[in-house]
Amino acid sequence: METKWNEYDISVRGNWTIRWLFLAPDYELWVGETQLDRKGGPRMSPKLEGLIEDKDGTLHHVVADVVSLIGFNPSVQISVEGEVVASGNVRVQNFLNPFLVIFILIATAVMFYVGPTVIRSII
C-alpha cells in the first residue's frame with residue numbers, strides 16, 4: 001500500500017520469505033527508497049515504526065499498524081504523529097510460496113509413510 005504525506009511517499013510492502021519457511025510474511029515500512037522498519041513472522045499485528053526528518057529538521061513519528069491473519073489480505077493503517085494518514089490492504093508478494101511448502105511437507109510425509117519399497121515398485 002502506498003500513500004503520500006507532504007512530499008514523502010510512504011509505503012508498506014509484504015513478502016513471503018525463507019526466514020519463516022514461507023509460512024509467515026514479513027512487512028516493511030518504506031519512505032521513498034529508504035527502509036525504516038521490518039517486522040513480521042507469526043504475529044497477528046506487527047507494528048512498524050520510523051522517523052522522518054523534514055526540510056526544517058523536525059522529526060515526525062510514522063507508525064504502520066498491520067493486522068494480518070496468516071498473511072491473507074492484511075490491512076494496514078498508517079499514521080504520522082498520531083494522525084491517520086491512510087488505511088487499506090497490503091498486497092503480499094509471492095503468495096503461492098506457503099502453499100508450495102505445505103504441499104512439499106505433505107508429499108514428504110506420505111513418502112515416509114508409504115516407504116521406499118512401495119515407491120520403488122511404482123517407479
Side-chain angles (χ1 to χ4, degrees):
M1 187 191 97
E2 294 186 27
T3 187
K4 265 190 140 359
W5 178 76
N6 291 347
E7 67 272 0
Y8 299 103
D9 293 322
I10 302 172
S11 65
V12 177
R13 303 173 190 171
N15 193 6
W16 296 92
T17 60
I18 187 68
R19 182 177 185 184
W20 306 105
L21 293 177
F22 297 112
L23 297 176
D26 278 342
Y27 299 101
E28 301 170 342
L29 176 63
W30 290 79
V31 173
E33 295 299 318
T34 306
Q35 181 180 354
L36 296 182
D37 197 8
R38 176 183 176 189
K39 287 194 178 118
R43 297 185 184 123
M44 262 185 78
S45 56
K47 185 176 188 177
L48 306 166
E49 298 182 79
L51 293 173
I52 299 174
E53 184 175 1
D54 60 6
K55 294 177 184 175
D56 301 333
T58 308
L59 292 176
H60 300 282
H61 187 235
V62 179
V63 177
D65 290 315
V66 180
V67 177
S68 172
L69 187 63
I70 63 168
F72 180 72
N73 203 17
S75 63
V76 66
Q77 184 175 19
I78 299 173
S79 59
V80 179
E81 296 295 331
E83 179 185 334
V84 176
V85 176
S87 62
N89 294 333
V90 178
R91 183 170 177 255
V92 180
Q93 299 174 3
N94 300 325
F95 189 70
L96 288 179
N97 285 346
F99 297 113
L100 294 174
V101 169
I102 291 171
F103 175 77
I104 290 169
L105 290 174
I106 290 172
T108 305
V110 167
M111 285 191 287
F112 278 126
Y113 178 74
V114 169
T117 55
V118 175
I119 293 174
R120 280 191 202 112
S121 69
I122 294 173
I123 296 175

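One-based numbering along the sequence shown.
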Side chain proximity check, [X] to [Y], heavy atoms < 4.5 angstrom:
{"X": "Asn89", "Y": "Val76", "result": "no"}
{"X": "Val62", "Y": "Tyr8", "result": "no"}
{"X": "Trp30", "Y": "Ile10", "result": "no"}
{"X": "Tyr27", "Y": "Val92", "result": "yes"}
{"X": "His60", "Y": "Trp5", "result": "yes"}

Counting only heavy atoms not in Glu81, do more than 12 sit closer than 6.0 Å to its CD atom?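 Result for CD/Glu81: enclosed.
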For Glu83, does the CD atom sit with more than 12 other heavy atoms under 6.0 Å from it, leaving out its own atoms? no
Find the distance between [atom1] ([X]) and [atom2] ([Y]) and round it off to the nearest 0.5 Å.
{"X": "Thr34", "Y": "Ile52", "atom1": "OG1", "atom2": "CD1", "value": "9.5 Å"}
{"X": "Asp37", "Y": "Glu28", "atom1": "CG", "atom2": "CD", "value": "9.5 Å"}
{"X": "Leu36", "Y": "Leu51", "atom1": "CG", "atom2": "CG", "value": "8.0 Å"}

Quick one: salt bridge (charged side-chain N to carboxylate O under 4.0 Å, His left out) partners of Asp26, sequence neighbours excluded?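 For Asp26 the salt bridge (charged side-chain N to carboxylate O under 4.0 Å, His left out) partners, ignoring immediate neighbours, are Arg38.
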Contact summary for [X] and [Y], nearest pair of heavy atoms:
{"X": "Leu29", "Y": "Ala64", "answer": "CD1-CB, 4.2 Å"}
{"X": "Asp65", "Y": "Val63", "answer": "OD1-CG1, 3.8 Å"}
{"X": "Ala86", "Y": "Met1", "answer": "CB-CE, 3.8 Å"}

Assigning hydrophobic clusters by single linkage (Ile, Leu, Val, Met, Phe, Trp, Tyr; side-chain heavy-atom cutoff under 4.5 Å), is [X] placed with [Y]?
{"X": "Val80", "Y": "Leu59", "value": "no"}
{"X": "Ile102", "Y": "Ile104", "value": "no"}
{"X": "Phe112", "Y": "Ile106", "value": "no"}

Would you check, one step at a time, whether the test side chain to side chain contact (heavy atoms under 4.5 Å, CB included) holds for Val84 with Gln77? CA-CA 7 Å; Val84 176; Gln77 184 175 19; 3.0 Å; yes
Under 3.5 Å, is there a donor-acceptor pair linking the side chains of Asn15 and Asn94? yes
Please output the side-chain donor-acceptor pairs of residues 41-50 that fall under 3.5 Å, not counting sequence neighbours, one pair per line with the distance.
residue, atom, partner, partner atom, Å
Arg43, NH1, Gly40, O, 3.1
Glu49, OE1, His61, NE2, 2.9

Does Ile78 form a side chain to side chain contact (heavy atoms under 4.5 Å, CB included) with Val12? I'd like the steps, not just the answer. CA-CA 9 Å; Ile78 299 173; Val12 177; 3.9 Å; yes
